[in-house]
There are 4 protein chains.
Amino acid sequence: MGRKRSYTEAELLDVTKKLLLEHGYDGFHLKLLSEHLVGARSTIYQYFANKEEIVAACMKRVMRSIMSKSAEVDETDSLAALQQILYVYVEESDFHQLLGDAHKINVANSEAAARDMSYIEQGHEELKVQLGRIFAKANGEGNLRQDVPLPAQISVFFNLINTPNVLRMPLDEWSKLLFSMWMKGVAK
Amino acid sequence: MGRKRSYTEAELLDVTKKLLLEHGYDGFHLKLLSEHLVGARSTIYQYFANKEEIVAACMKRVMRSIMSKSAEVDETDSLAALQQILYVYVEESDFHQLLGDAHKINVANSEAAARDMSYIEQGHEELKVQLGRIFAKANGEGNLRQDVPLPAQISVFFNLINTPNVLRMPLDEWSKLLFSMWMKGVAK
Amino acid sequence: MGRKRSYTEAELLDVTKKLLLEHGYDGFHLKLLSEHLVGARSTIYQYFANKEEIVAACMKRVMRSIMSKSAEVDETDSLAALQQILYVYVEESDFHQLLGDAHKINVANSEAAARDMSYIEQGHEELKVQLGRIFAKANGEGNLRQDVPLPAQISVFFNLINTPNVLRMPLDEWSKLLFSMWMKGVAK
Amino acid sequence: MGRKRSYTEAELLDVTKKLLLEHGYDGFHLKLLSEHLVGARSTIYQYFANKEEIVAACMKRVMRSIMSKSAEVDETDSLAALQQILYVYVEESDFHQLLGDAHKINVANSEAAARDMSYIEQGHEELKVQLGRIFAKANGEGNLRQDVPLPAQISVFFNLINTPNVLRMPLDEWSKLLFSMWMKGVAK
DNA sequence: CATGAATGAGCATTCATTCAT
DNA sequence: AATGAATGAATGCTCATTCAT
């Protein structure tokens, strides 16, 4: 039996996520990664076959986390559901920034990366379906404005996630505030 | 005398902008740029001394455009002014994405790039001042909710810009719709 | 662990010295260097961070060698000391040719190169001080002509070093011969 | 008839000489040259077909100048002749530094450069012959030490030329001083 | 003739990946 | 398993030279 691994795959992916957020996909290098881990650069290849696989695995992990959380949302009360979903998304707001570069991954080299990316694609679909379902329900219950097309409302809702939390409020309060602004507007 | 230039500086910067938006700062290469222009890679150096200067010039140009438009906004009616500003920003919504990487530019190599970046910095300040002024006025006139901190309202307003225009509406209508949702909310 | 290095740093610097003497600073390329070593050009970067550091390290090494030798010179008998010094310098006559280009090194890029160059500068000073001291002593003891300014005598002495050893004599004999010509002249 | 030439070939070669001395062969660029002349870089090609030809022409000119001067030396009195020759060489002491890089010129590209270089080669031979003749005469007349091989004496004589004129004396005095040291030595 | 623009070859450097220990 | 060394592909940039005006 060989030596003990000096870090876990999860740690590697955590650092990867941090660096991807800090530097973007093109600014993310294995050299950079190895500098934020304990061992040599080449050791990384014990965990993943190439750069693409690392990034893909990282993105997949984030997607899985989002999906498990959003699956737990109770959709009975549509507005309450939207608020919960907003909270989930705000909590993982890195998510979008991160996945925004998904298309840059060159999937040709790596089977594993390709699998991960297709998982992510499916996840995206499921999330969209869920959101569409809840919005449709809310709309059907007469909770939403009729003079604004539903897709526009969804788009604005979704984009709320990225609003910088300038006041550094706790995320549950912050998401409630966002939800309130989204629902009632800012006019007095 | 001398040959005719095969493309103008403006064309170069247009392509640069497009590529920066597509690939981000780190994904932007002179090879890529030259492939989207007519000539050889080295020809680019007839226009700019190095990569940093190109990016800086591109960003400066975008900033200048935004600033001249936002300077024309009539601030008499604060709410109308906000709506106009939203339109200006939505029209140039690339702007933020683009300038988000401004800090990555290594300014040490190039005098010209340094000058451009400082122009951009000042521009940022002026825009913030203008927005703060109008919001303060709107708030003073009692147009805004008091139960949400002003910075949070500004943050949401600003973030609206990035909302994807899923319905591909004309930008004037789209910005009015966004403004309406921001003011009145989406609740029925 | 890891592979065995295919050449030592000392070997690299030896080759560098040879090439610098052959081609001068501006004619010295890493491509050239790599062609005189076993591996690929990029392997050189395992040893030094950039071209400047290589050249600086090479020069520093030569300076260190000269200084340790000249520090061992016994200055009791001033004329004997000069003869010994001449021998030291003749032995390392490349030295001056090599360091003549020291000012061309762009030190801005590299901390390490800057350190090396400042070491070299100090070394130069120390050597000048030593030579001045011995000449002053020799002059004070009445060993030197009074009708020729001392700096001119020093300059000629120093310049002797570069005299091509056309007869390929052993360096100790050659330096004695030079010293004899310098002291007694060539006239019968 | 076209425009008037903005500088003469001689001016171009003067500047070339200055820059070659300052930067060495490898540090000499046409860009640098054009910056020290009035027109555009490409204008240089109206005068010479390529870089090699410029350098070769420059060296040839220097050689021609030396040769015409040294041809005027009266060889009747061998020691006086040597003193005169030393003066000629000291006056054009750049000469050696300059021609030291002659071997770097790639003669394959240019017929004209090849011709110039062969002229220089011949010149070198003639100068050596002249010096050898005078030294032989001086030796035959019993003017020189017998305990030092003649080639060594010649070598030292020749190398005197490069002695830095630290005191900035007028060149005729300086060359006399050098000659005196060479003949009589520095010992009291 | 003069020149500004265009170009390709060449070098410095970085980085993902492979190898040998 | 871990790792330091080796490597080739890619990119930024410079420069001699050619072209078109």
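Only a predicted model underlies this, so the values are computations on that prediction, with no experimental measurement involved. Chain naming here is simple, since letters A, B, ... match the order of the sequence lines and numbering starts at 1 in each.
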Worksheet item: Closest to the B:Tyr45 side chain: F:dG12, E:dT17, F:dT18?
Response: F:dG12

Discussion item. Between P on E:dG4 and CD on D:Glu35, what's the gap in Å once rounded to a whole number?
Written reply: 13 Å

Worksheet item: Which whole-number value in Å describes the distance from D:His29 NE2 to E:dG10 P?
Response: 16 Å

Discussion item. I want to verify a distance call: between E:dA20, F:dC19, E:dT17, whose nearest atom is closest to the D:Ser42 side chain?
Written reply: F:dC19

Practice prompt. Figure out the OH/C1' separation between C:Tyr25 and E:dC11, and round it to whole Å.
Written response: 13 Å

Worksheet item: Does any N or O donor sit under 3.5 Å from an N or O acceptor when you compare the side chain of C:Arg41 with the base of E:dA12?
Response: yes

Fill in: Nearest-neighbour nucleotide for the A:Leu30 side chain, E:dT17, E:dT7, E:dA12 considered
E:dT17

Worksheet entry | Backbone N/O of A:His23 and side chain of B:Lys104: donor-acceptor pair under 3.5 Å | yes

Worksheet, complete the sentence: Per atom distances to the D:Tyr47 side chain, the nearest of F:dT18, E:dA2, E:dT13 is E:dA2

Item to complete: Tell me which nucleotide among E:dT13, F:dG12, F:dT17 gets nearest to the side chain of C:Glu52.
Response: E:dT13

Worksheet item: Quick one: which of E:dG4, F:dC13, F:dT3 gets closest to the side chain of B:Arg3?
Response: E:dG4

Fill in: Whole-Å gap separating P (E:dA9) and NZ (C:Lys31)
13 Å

Worksheet item: Within this structure, what is the CZ-to-P distance between C:Arg5 and E:dA20, rounded to whole angstrom?
Response: 18 Å

Worksheet item: Considering only F:dC13, E:dT13, E:dA2, which nucleotide approaches the side chain of D:Gln46 most closely?
Response: E:dA2

Discussion item. Rounded to whole Å, how long is the line connecting atom CD1 of C:Ile44 with atom P of F:dA5?
Written reply: 15 Å

Discussion item. Can you tell whether the side chains of B:Asp14 and B:Arg61 come within less than 4.0 Å, N to carboxylate O?
Written reply: yes

